[in-house]
Amino acid sequence: MRPTSGPTGRRARLLVPYPGAPAGDVDAYLKWDANGSYQGFQGCFANGAPTAQARLLAAGRRAFAVSARSEPSGAPAWRSLPSWAVVGTTDHGIVPAEQLGMARRAGAHVAEVKAGLLSLVTRPDVVTRVIREAAGSVG
């Protein structure tokens, strides 16, 4: 089986069948290059990261099984446990307003940061502060 970029050839992800996959399931990889409205890996997923670092992230990333987006996850832990969220206000992968809505629904303590999806990489200072606050509050 060979990789496909979808029926139109203009998709942001490269879809690749994998051994032992359930019928119709594939792994999805984000492409490095821009394509149509897709800004490319660095512009979409790693925005805010220097190019050299974004290239390393792209080379080392793992695919995700497309079926993972539709698998039930079970009872959400946030219903019974305190939660925290770091929301990147310049995220091009998940709309910040959507992230804020999910965080508010979970009753999370929210920290907004001027960063993209990978704030853990580009703003580790903020992420570390939030983790310390969370750990200190449940101590």
Nearest non-hydrogen partners of Pro96 and Asp91, listed with the distance: CD-O, 3.7 Å

message: Hydrophobic clustering (ILVMFWY, side-chain heavy atoms < 4.5 Å, transitive) - are Val87 and Val127 grouped together?
response: no

query: Counting distance only, does the side-chain N/O of Gln99 pair as donor-acceptor with the main-chain N or O of Ile94 below 3.5 Å?
result: yes

task: Look at the side-chain heavy atoms of Ile, Leu, Val, Met, Phe, Trp and Tyr, link any pair under 4.5 Å apart, and say whether Val66 and Tyr18 land in one connected group.
output: no

- request: Can you see which heavy atom on Ser83 is nearest to which on Ala106, and at what distance?
  value: OG-O, 3.6 Å

message: If we ignore hydrogens and angles and just use 3.5 Å, is the side chain of Gln42 paired with the main-chain N or O of Arg55 as donor and acceptor?
response: no

By side chain to side chain contact (heavy atoms under 4.5 Å, CB included) - contacts of Asn47 (at least two apart): Thr90, His92

- prompt: Do Leu100 and Val130 belong to the same hydrophobic cluster, where Ile, Leu, Val, Met, Phe, Trp and Tyr are linked whenever their side-chain heavy atoms lie under 4.5 Å apart, directly or via other members?
  reply: no

message: Once side chain to side chain donor-acceptor pair (under 3.5 Å) is applied, what residue pairs with a partner in residues 125-135 remain, sequence neighbours excluded?
response: Arg123-Asp125, Arg129-Glu133

- prompt: Roughly how far, to the nearest 0.5 Å, is the CH2 atom of Trp84 from the CG atom of Leu81?
  reply: 9.5 Å

query: Under 3.5 Å, is there a donor-acceptor pair between the side chain of Asp25 and the main chain of Ser67?
result: yes

message: Any heavy-atom pair between the side chains of Ser119 and Val126 that's under 4.5 Å?
response: no

- prompt: So is Arg61 actually on top of Phe45's ring, under 6.0 Å and inside 45° of the axis?
  reply: no

message: Using every non-hydrogen atom in the two residues, find where Ala115 and Thr122 come nearest and quote the distance to one decimal.
response: CB-OG1, 3.8 Å

- request: Indicate if Met102 and Trp78 have the same hydrophobic cluster label, given that clusters are the connected sets of ILVMFWY residues with side-chain heavy-atom separations under 4.5 angstrom.
  value: no

